[in-house]
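To start, the structure itself, in structure tokens.
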Number of protein chains: 2
Amino acid sequence: MLVSTRGRYAIRIVLELSSREKGERVSLSELSKKQEISLKYAETIVALLVKAGLLDGQRGKRGGYRLTRDANEISVGEILIITEDSLSPVACLDCKPNQCERASSCKTLPMWEKLDDLIKSYLFSITIADLN
Amino acid sequence: MLVSTRGRYAIRIVLELSSREKGERVSLSELSKKQEISLKYAETIVALLVKAGLLDGQRGKRGGYRLTRDANEISVGEILIITEDSLSPVACLDCKPNQCERASSCKTLPMWEKLDDLIKSYLFSITIADLN
DNA sequence: CATTTTCCTACCTTGTCAATAGGTTGGAAA
DNA sequence: TTTCCAACCTATTGACAAGGTAGGAAAATG
Ligand code: FES
Ligand code: FES
């Protein structure tokens, strides 16, 4: 599995936010209800997005989250890089510079690199605006 | 991670076999030494390939494994489908017909389907002969 | 018969995924 | 200024898969 629930939920939360009026703050309890994600789990996911600067949260009454950018400037790939530990199709690609001992003579490495490229360029080419 | 060690080791074992004379039987102890894979682990992997009909094994002295097909007729994707539980990038795609409750209204599903297509057509387009 | 090699079944250890739980801090409205 | 709301922070849990071991049984050969 390349993309876990964390990443998928993150996309859906951002998607939900992008469907609201620009700048409007939405509470997580509302977001999680709409998207049928447990509030507590959603908290841990949203925390990552805030830390990465993609969302901005405000506490207190009438608080909530909103996007810091327009939906057409947020790519799916970006969200996944933030929420998933790795997007690579194989472990050999994860440590840079490539640490795999076999790398120099490995006959399959070029294939994995191409696949990685294929996947990432696709995911980075799609924006949240494209999905809505 | 899309592809685990099981799948990667399987590819390397088939690759090693394909570099031998056609029809020659090679023992797993030799294969595993060459590819630096533990014999015991390799056994479990090779068992899958035999069951799928890709390899054919013979016991006893001078026994071993050999490919049942030419290397240019074996695709990487085929090996991975056999050895990995799933090649799909997301769980939503794994059960057919699609079981995810959100499927009908899901805004991201088409994206995952395209990605899945992209990945699979790439992996099925590469043969073992291409790699050697 | 002894050796080699595949084949079969079960087990183990580690780590990640997915989710929960409980509390603390900050802000706004009443 | 009190009250409430909502974000924030820090564990902890249960389930499951990844990755690998272990021991032996069955077949083929010489
Ligand atoms: S096995 Fe790691 S680079 Fe090929
Ligand atoms: S969340 Fe499962 S199909 Fe979109």
Side-chain angles (χ1 to χ4, degrees), chain A residues 1-10 12-13 17 24-68 80 83-92 94 100, chain B residues 1-10 12-13 17 24-33 35-66 68 80 83-92 94 100:
Chain A
M1 185 92 40
L2 191 65
V3 178
S4 65
T5 57
R6 266 223 312 277
R8 278 180 284 142
Y9 289 0
R12 278 163 48 193
I13 288 171
L17 267 173
E24 182 193 351
R25 290 196 181 279
V26 187
S27 78
L28 194 53
S29 68
E30 188 183 337
L31 288 172
S32 67
K33 252 174 229 152
K34 268 270 162 65
Q35 288 294 325
E36 299 174 283
I37 301 170
S38 122
L39 174 64
K40 281 303 188 179
Y41 192 26
E43 276 185 7
T44 64
I45 294 170
V46 161
L48 296 169
L49 300 175
V50 170
K51 206 175 69 178
L54 205 65
L55 261 55
D56 138 72
Q58 182 162 22
R59 316 195 215 198
K61 258 177 184 161
R62 309 285 305 157
Y65 295 98
R66 70 181 171 196
L67 299 176
T68 58
L80 294 179
T83 49
E84 300 287 321
D85 288 329
S86 162
L87 262 190
S88 309
V90 294
C92 300
D94 274 337
C100 181
Chain B
M1 186 94 39
L2 191 64
V3 178
S4 64
T5 57
R6 264 223 313 277
R8 278 180 284 142
Y9 288 0
R12 278 162 49 193
I13 288 171
L17 267 174
E24 181 192 351
R25 291 194 180 278
V26 188
S27 79
L28 195 53
S29 68
E30 189 184 336
L31 288 171
S32 68
K33 251 174 229 153
Q35 288 294 325
E36 297 174 286
I37 302 169
S38 121
L39 174 64
K40 281 302 188 179
Y41 194 25
E43 277 186 7
T44 67
I45 294 169
V46 160
L48 296 169
L49 299 175
V50 170
K51 206 176 68 178
L54 205 67
L55 261 55
D56 138 71
Q58 181 163 21
R59 315 194 217 196
K61 261 178 183 160
R62 307 286 304 160
Y65 295 98
R66 70 179 171 198
T68 58
L80 294 180
T83 50
E84 300 287 321
D85 288 329
S86 162
L87 261 190
S88 309
V90 294
C92 300
D94 273 337
C100 181

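Per chain, numbering begins at 1; letters A, B, ... match sequence-line order. All values below were derived from every heavy atom in this structure, side-chain atoms included, with hydrogens, water molecules and symmetry-related copies excluded. Just so you know, these numbers come straight off a predicted model, no measurement behind them.
OP1 or OP2 of D:dG19 sits under 4.0 Å from a side-chain N or O of B:Thr5. Using a 4.0 Å cut-off, no side-chain N or O of A:Tyr41 falls inside it from OP1 or OP2 of C:dA21. B:Tyr9 has no side-chain polar atom (N or O) that falls below the 4.0 Å cut-off from OP1 or OP2 of D:dA18. Within the structure, every side-chain polar atom (N or O) of A:Ser38 is placed at least 4.0 Å from both OP1 and OP2 of C:dA19. The phosphate of D:dG20 (OP1 or OP2) has no side-chain N or O of B:Thr44 nearer than 4.0 angstrom.
Atom CD1 of B:Ile37 is separated from atom C1' of D:dA18 by 15 Å (rounded to the nearest Å). Atom P of nucleotide C:dG15 and atom CE of A:Met1 are separated by 21 Å, given to the nearest angstrom. Remark: P of D:dA7 and CZ of A:Arg66 are 13 Å apart, rounded to the nearest angstrom. Between the CZ atom of B:Arg25 and the P atom of C:dT4 there is a distance of 19 Å, given to the nearest Å. A:Glu30 places its CD atom 10 Å from the P atom of D:dA7, with the value rounded to the nearest Å. Distance CD (A:Glu36) to P (C:dA18): 17 Å, rounded to an integer number of Å. One can place CG of A:Leu80 at 16 Å from C1' of C:dC17, the figure rounded to the nearest angstrom. For A:Glu43 and D:dC5, the CD to C1' distance is 13 Å, given to the nearest whole Å.
Under 3.5 Å, the side chains of B:Ser86 and B:Asp94 contain a donor-acceptor pair of N or O atoms. No hydrogens or angles considered: nothing links the side chains of A:Ser32 and A:Tyr41 as a donor-acceptor pair under 3.5 Å.
Using a 4.5 Å heavy-atom threshold, the side chains of A:Val46 and A:Leu28 count as touching. Looking at B:Glu84 and B:Val3, their side chains come closer than 4.5 Å, going by heavy atoms from C-beta outward. A:Arg6 is listed as a side-chain neighbour of A:Leu48, based on a closest heavy-atom distance under 4.5 Å.
Picking from D:dA7, C:dT5, D:dC8 the nucleotide with the shortest atom distance to the side chain of B:Ser27 gives C:dT5. Closest to the B:Lys61 side chain, of the nucleotides D:dG19, C:dT3, D:dC8, is C:dT3.
With sequence neighbours left out, the side chain to side chain donor-acceptor pair (under 3.5 Å) criterion links B:Glu43 to no other residue.
DNA chain D is contacted by A:Val50, A:Gly57, A:Gln58, A:Arg59 of residues 45-59 of chain A, taking any non-hydrogen atom closer than 4.0 Å.
Between the side chain of A:Lys40 and the base of C:dG22 there is at least one donor-acceptor pair of N/O atoms closer than 3.5 Å.
Toward the 5' end of DNA chain C, the nearer of the two residues A:Asp85 and A:Arg62, judged by each one's closest nucleotide, is A:Asp85.
The one candidate from A:Leu54, A:Val50, A:Val26, A:Ile13 that meets the side chain to side chain contact (heavy atoms under 4.5 Å, CB included) condition with A:Tyr65 is A:Val50.
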